[in-house]
Amino acid sequence: MDKIISLTRRRGFILPGSGIYGCLSNSWDYGPLGVELKNNIRQEWWKRFVLQRPDMVGIDGALIMNTNVWRASGHLDEFNDPLVEDKKTHERYRLDDLLEKNGVDVAGMKIEEMSKKMKDINLKSPKGNELTEPKMFNMMFETYLGPIKTENNKVYLRPETAQAMFVNFKNILDTTRIRLPFGIAQTGKAFRNEITPGNFIFRTREFDQLEIEYFCREKEWEMHFEHWLSEMHKWVKHCGISSKNIKDYETPDSDLAHYSKRTIDIQYKFPFGFKELYGLAYRTDFDLRSHMEASGQDLRYVDPETNDKFIPHVIEPSFGLDRTLLAILLEAYREEKIENGERVVMRFPYWVAPVKVAVFPLLNNNKKLVKKAQEIFDMILPNYTTQYDDGGAIGRRYRRHDEIGTPLCVTVDHDTLENNTATLRDRDSMEQIRVDLDKLLDVLDKYFTGEKFNKLGKIIK
Ligand code: GAP
């Protein structure tokens, strides 16, 4: 993890938030390469789960919603973690975390039972001090709408993207021709005032979610649950994440969220242990029913054939974008022995790579080479994210692009000026081929759609 943190900082993927002011704890900014990585993941997810499926539509809802939404969804009452405080240092901890670290299985435990257990085992803070009595802490961030701070204007930043999809269920039925079973997708920020954020971007107080609410008939929920579990696994593989680092965790009934009848966490083997990467929940008709009761609006679905009216049930595949990005970084990172030393290479799947092609002039002080390299750069740029790089020896430029996971490097040399060909170097095999520049765009298209590298041109090394 330290190596990933250091590489992502050095290369401008992920930077400590508010850095020049001594940072803000557990806040991270995505730099120029990080934002490309994040956008690539979000766009690929959207393409796969929204654009390429006839049974899906997307929305982009507001971050701040009417407080009645959070009352009806149960977040005002239920979105709590048990908080204890070190009596001496006043540091705060999640009691369930502390108990688990002391070997206690907290699955299904209520706060009263945790409090008793804490006394039974004489639990101390990590600094060895007495702890306060636990109390429930609501994780929603509060703010106020407008200039006056009163209870009536108090609102919350959304703690999940899910609710806008329930609240817009009827609007979507009315404005599209979509019929059951169908899903609504949304991506965007969610905010949680986590008591113990940490492990880099694994647990933060603001993070991006990629969520789907899939509406179906009650009797079909198991079939859709299985379908989405399989889709989630296929996505994980598509991200280049090895199946040996993934496992499904069936949440025991006693530990289910207030809205769920079945939840499987897809866990990833992070350096700090197997932890939740994604969640798949059967939310029953809990949300639509609660919103229907609380708003007084009829949110039932009318079957166009039978005219039956009923509240659809919901399967929710929920993906964390930042956790996806972290797992992709961890999987892609390799240290490899090479002919004259070592290299660090990010073996990203091509679609993930923030830069797809790098273009180098062999010498940066030769006007003809520089001009030609710039022409090639201009030609590729409208088609693929491309960087022009003329800093240092060629070997160093290759190392630099290996480290940021650039799949292809194009080098312009003296022969290029003679015969209009250039060298292409493949990140993974480090093989080099010579290609005709008139065919370069075609060669790139073939490369990025999976054609074997050595079939694309003349091997030179
Ligand atoms: N709508 C359901 C829901 O929000 P969740 O398990 O609380 O369920 C879904 O969150 C996903 O969001 C998680 O699987 C994880 O990937 C991501 N996530 C949750 N809390 C997070 C945090 N504090 N920091 C980063 N990602 C988080």
Side-chain angles (χ1 to χ4, degrees), residues 14 17 25-28 30 38 41-42 45 59 61 63 65 69-70 73-75 78-81 94 96-97 137-141 156-167 183-214 225 228-229 232-233 235-236 239 241 246-251 255-268 270 272 274-284 286-288 290-291 314-330:
I14 305 174
S25 77
N26 296 291
S27 139
W28 300 96
Y30 287 87
K38 206 170 167 187
I41 298 169
R42 194 196 303 272
W45 185 92
I59 61 164
L63 292 175
M65 301 180 79
V69 171
W70 308 116
S73 69
H75 283 85
E78 308 271 354
F79 202 56
N80 301 314
D81 273 342
R94 265 174 64 174
D96 51 342
D97 278 353
F137 170 75
N138 192 291
M139 287 196 287
M140 283 198 292
F141 272 101
Y156 299 89
L157 303 186
R158 67 182 182 197
E160 59 172 12
T161 58
Q163 292 305 318
M165 297 186 263
F166 297 120
V167 169
I184 308 176
Q186 175 168 223
T187 79
K189 287 268 184 188
F191 300 83
R192 295 183 191 175
N193 204 356
E194 299 278 1
I195 300 170
T196 46
N199 285 324
F200 193 29
I201 53 170
F202 175 78
R203 190 182 306 285
T204 49
R205 292 190 170 113
E206 57 171 291
F207 53 93
D208 270 88
Q209 289 187 316
L210 313 158
E211 291 202 297
I212 293 167
E213 305 304 329
Y214 198 80
F225 193 93
W228 280 107
L229 186 59
M232 292 173 92
H233 279 283
W235 163 258
V236 166
C239 291
I241 298 171
I246 288 286
K247 71 179 182 198
D248 289 350
Y249 170 78
E250 180 86 47
T251 309
D255 240 11
L256 289 172
H258 60 279
Y259 51 74
S260 174
K261 251 201 177 154
R262 185 178 180 200
T263 295
I264 287 185
D265 286 348
I266 296 183
Q267 298 185 331
Y268 175 70
F270 288 98
F272 41 90
F274 269 104
K275 297 278 173 212
E276 178 180 343
L277 177 65
Y278 303 144
L280 174 66
Y282 168 39
R283 290 181 83 124
T284 69
F286 173 86
D287 302 87
L288 286 181
S290 305
H291 287 307
V314 171
I315 304 299
E316 179 191 63
S318 181
F319 305 68
L321 176 49
D322 311 79
R323 285 188 194 176
T324 308
L325 200 145
L326 180 56
I328 286 178
L329 288 169
L330 289 161

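For ligands, and for the atoms within them, numbers begin at 1 and follow the listed sequence.
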> How far apart are the C-alpha atoms of Glu211 and Thr161, what are their side-chain angles, what is the distance that settles it, and do they pass the side-chain hydrogen bond (donor to acceptor under 3.5 Å, both in side chains) test?
Replying inline: CA-CA 7 Å; Glu211 291 202 297; Thr161 58; 2.6 Å; yes
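- Note on ring orientation: taking the six-membered ring where Trp is involved, the planes of Phe191 and Phe141 are perpendicular (angle over 60°, cut-offs 30° and 60°).
- Listed as neighbours of ligand 1 are Glu160, Ala162, Arg192, Glu194, Phe202, Arg203, Thr204, Phe207, Gln209, Glu211, Tyr259, Glu276, Leu277, Tyr278, Gly279, Arg283, Glu316, Ser318, Gly320, Arg323, each bearing a heavy atom under 4.0 Å from the ligand.
- Salt bridge status for Glu250 with Arg262: present, with a side-chain N to carboxylate O gap under 4.0 Å.
- Between Leu330 and Tyr268, the closest heavy-atom pair is CB-OH, 3.8 Å.
- Lys189 meets the salt bridge (charged side-chain N to carboxylate O under 4.0 Å, His left out) test with Glu206, Asp208; sequence neighbours excluded.
- You'll find the side chain of Thr204 stays beyond 4.5 Å of the side chain of Pro197, heavy atoms only.
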